[in-house]
Participant: 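I have a structure here, written as structure tokens, and I will follow up with some questions on it.
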Amino acid sequence: MAAAAVPVPQGPLVVGVDSSTQSTKALVVDSATGAVVARGQAPHTVGGGSDGTGKESVPEQWWEALTEALRQCGTPAREAAAVSVGGQQHGLVTLDASGRSVRPALLWNDVRSAPQRDRLIEELGGPKAWAERVGSVPAPAFTVTKWAWLMENEPEAARATAAVRLPHDYLTERLTGYGTTDRGDASGTGWWASATESYDEEILDRVGLAPELLPRVLRHGEAAGTVRELPDLPLPTGALVATGTGDNMAAALGLGLRPGQPVLSLGTSGTVYAVSAHRPTDPTGVVAGFADTRDAWLPLACTLNCTLAVDRIAALLGRDREAVEPGGSAVLLPFLDGERTPHLPHASGLLHGLRHDTTPGQVLQAAYDGAVFALLTALEQVLDADASPDAPLLLIGGGAKGTAWRETVRRLSGRPVQVPRAEELVALGAAAQAAGLVLGEDPAAVARRWSTAEGPSYGPVPRDEAALERLSRVLADADGLLRHA
């Protein structure tokens with residue numbers, strides 16, 4: 001049987017990269033249609049540091065994984081006109097004068113810098129001052145707290161550092177030879193001030209980081225450079241390199257979001273965000289006031305317990321994750337690893353309201369309700385006055401494929417729900433950024449032309465006010481227990 005013919009590209013080919021915590025993906029995309037013509041993926045490892053704590057990766061592994069992923073793409077990668085890198089946010093990459101990593105990168109989910117975070121917030125005026133200045137109250141994920149940790153715990157490594165980069169910056173610099181970043185990823189460092197859209201020299205001085213060690217922040221639509229001649233790199237020398245960005249910003253771009261369109265990302269952790277024309281300044285710390293890749297903002301809130309927590313409850317009950325049943329009075333707050341939203345770092349899971357006639361399926365449904373309730377509560381703080389209260393919720397991430405997740409979101413939100421068919425949104429967003437650079441177009445408009453957000457739509461159903469009231473009451477009544485669990 002003859003192989004199916006590969007469609008002839010209608011526009012220049014571009015490469016979008018997603019360098020995540022565990023692996024690096026590369027997509028070769030037809031810039032005219034958004035069709036993926038080739039893909040590749042290679043893993044990298046995450047270690048725990050010399051003392052077994054923390055989360056670290058060797059940056060050179062990211063480069064090796066990118067090279068391998070591009071090699072898997074074959075000839076199309078070698079014909080690409082442009083490339084862009086989307087990468088995991090917040091990671092601290094320290095390079096010596098020759099461009100080699102001084103030590104493994106401290107990743108976003110390395111929280112050893114929590115004491116430094118607490119001290120920095122207090123020393124620089126408290127949460128409200130940070131929110132007004134930087135746009136966010138830093139979490140231990142933020143890069144500024146990691147540098148402060150390094151200065152205190154590994155001063156020799158800090159002294160040997162000649163350049164500080166984020167993960168996407170590192171890969172972009174390996175491609176071009178120039179140290180650059182974008183406003184989106186820079187907004188998650190804690191040393192880029194959203195109020196001035198520039199590096200904050202007082203914060204840098206406070207943590208002992210010289211501004212000249214940081215990359216230049218490129219403007220929207222500016223090229224980072226071109227691909228330099230490198231042995232064994234399956235990309236054409238001279239291809240354009242776009243600014244790149246952080247993974248959340250790339251995913252938002254990949255959906256072609258317009259201001260006010262809400263997104264729920266259902267993964268191991270849950271994330272809610274929307275593009276906004278207004279600069280966020282949330283002093284509670286629930287909403288991170290990120291910039292987007294263009295000239296707007298990307299307020300975002302994260303919950304720690306989402307699909308993995310609910311799957312764990314299903315396993316404890318011995319049930320399939322879809323085996324939910326309606327009814328009952330059980331309330332389950334699945335805060336198995338503490339919780340970020342609400343801020344309950346020491347919490348454990350809580351089950352309340354069991355009766356003789358409570359079924360395992362009702363308990364499982366209560367776990368879904370608890371996780372979705374936390375996400376929707378966070379979403380209320382993310383959305384601003386410009387957002388339509390009945391705009392469809394875009395469900396992405398692994399949980400978006402599950403019927404129980406989708407129906408729980410519909411029942412507790414009262415909104416219509418749309419599930420985009422496109423799945424590799426970070427890489428697609430990076431590809432849209434590369435295509436925008438080549439074509440001279442707005443990359444969000446490119447993504448909309450590619451119809452990345454299209455997928456099955458589900459109409460609204462009446463909100464389950466009784467379930468929401470139960471959840472609110474139990475969360476309030478159990479506050480002390482959750483804080484000291």
Side-chain angles (χ1 to χ4, degrees), residues 248 251-276 298-303 305-311 314 320-326 334 341 361 364-384 386-426 428-429 444 447-448 450-469 471-472:
N248 286 301
L253 188 62
L255 288 166
L257 290 185
R258 299 182 189 276
Q261 282 186 280
V263 177
L264 270 70
S265 179
L266 304 170
T268 300
S269 60
T271 308
V272 290
Y273 56 83
V275 171
S276 174
L298 193 72
L300 178 148
C302 179
T303 64
N305 298 280
C306 195
T307 59
L308 193 63
V310 173
D311 282 353
D320 181 270
R321 63 167 63 101
E322 294 288 342
V324 295
E325 296 174 11
T341 308
L364 181 55
Q365 180 61 66
Y368 278 99
D369 286 4
V372 170
F373 174 76
L375 276 170
L376 294 176
T377 301
L379 183 64
E380 290 177 5
Q381 295 176 260
V382 163
L383 296 177
D384 56 33
D386 292 345
S388 170
D390 54 1
L393 299 179
L394 296 181
L395 289 193
I396 63 173
K401 302 174 185 176
T403 302
W405 279 109
R406 184 188 71 229
E407 293 308 305
T408 303
V409 171
R410 291 177 73 204
R411 183 171 55 81
L412 295 185
S413 71
R415 287 178 180 256
V417 164
Q418 185 169 324
V419 183
R421 290 192 185 90
E423 295 181 353
E424 295 161 316
L425 289 168
V426 174
L428 281 173
R448 288 193 287 270
W450 291 352
S451 302
T452 52
E454 286 191 0
S457 295
Y458 305 88
V461 297
R463 283 208 321 172
D464 189 341
E465 300 290 353
L468 292 168
E469 197 276 332
L471 284 155
S472 295

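All figures in this text were calculated on a predicted structure; none of them were measured in a lab. Side-chain atoms are counted along with the backbone in the values below, which use heavy atoms only and exclude waters and symmetry mates. Residues: numbered from 1 along the sequence shown.
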Participant: To the nearest 0.5 Å, what is the distance between CG on Leu376 and CG on Leu471?
Facilitator: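 It is 10.5 Å, given to the nearest 0.5 Å.
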
Participant: For Arg321, look at atom CZ and say whether over 12 heavy atoms of other residues, nucleotides or ligands are found less than 6.0 Å away.
Facilitator: no

Participant: State, yes or no, whether a side-chain contact exists between Pro460 and Pro416 at a heavy-atom distance under 4.5 Å.
Facilitator: yes

Participant: Does NZ or CZ of Arg406 lie under 6.0 Å from the centre of the six-membered ring of Tyr458, at an angle within 45° of the ring axis?
Facilitator: yes

Participant: Would a 4.5 Å heavy-atom cut-off, applied to side chains only, mark Leu428 and Leu253 as touching?
Facilitator: no

Participant: For side-chain contact (heavy atoms from CB on, under 4.5 Å), just list the numbers for Val310 and Asn305, CA-CA rounded to whole Å, side-chain angles, deciding distance to a tenth of an Å, and then say yes or no.
Facilitator: CA-CA 8 Å; Val310 173; Asn305 298 280; over 6 Å; no

Participant: Shortest non-hydrogen contact from Leu255 to Ala453?
Facilitator: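 So the two residues come closest at O-CB, 3.9 Å.
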
Participant: Would you give me the side-chain donor-acceptor pairs under 3.5 Å for residues 260-274, sequence neighbours excluded?
Facilitator:
residue : atom : partner : partner atom : Å
Gln261  : OE1  : Arg258  : N            : 2.7

Participant: Would you give me the side-chain donor-acceptor pairs under 3.5 Å for residues 388-401, sequence neighbours excluded?
Facilitator:
residue : atom : partner : partner atom : Å
Ser388  : OG   : Asp390  : N            : 3.4
Ser388  : OG   : Asp390  : OD1          : 2.5

Participant: Are Leu412 and Leu468 close enough that some pair of their side-chain heavy atoms sits under 4.5 Å apart?
Facilitator: yes

Participant: Is Val372 close to Arg411 at the side-chain level, that is, under 4.5 Å between some pair of heavy atoms?
Facilitator: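 Arg411 vs Val372: side chains apart.
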
Participant: Which atom pair, heavy atoms only, marks the closest approach of Val409 to Val417?
Facilitator: CG1-CG2, 4.0 Å

Participant: Test your reading of the model: is there a side-chain donor-acceptor pair from Thr452 to the backbone of Gly254, 3.5 Å cut-off?
Facilitator: yes

Participant: Between Arg448 and Gly256, is there a donor-acceptor pair closer than 3.5 Å when you use the side chain of the first and the backbone of the second?
Facilitator: yes

Participant: Is there a side-chain contact between Leu300 and Val382 in this structure, where contact means two heavy atoms from C-beta onward sitting under 4.5 Å apart?
Facilitator: no

Participant: Say you draw a straight line from SG of Cys306 to CG of Asp311; how long is it, rounded to the nearest 0.5 Å?
Facilitator: 9.5 Å

Participant: Can you name the nearest heavy-atom pair linking Ala309 to Pro334, along with the distance?
Facilitator: CB-O, 3.7 Å

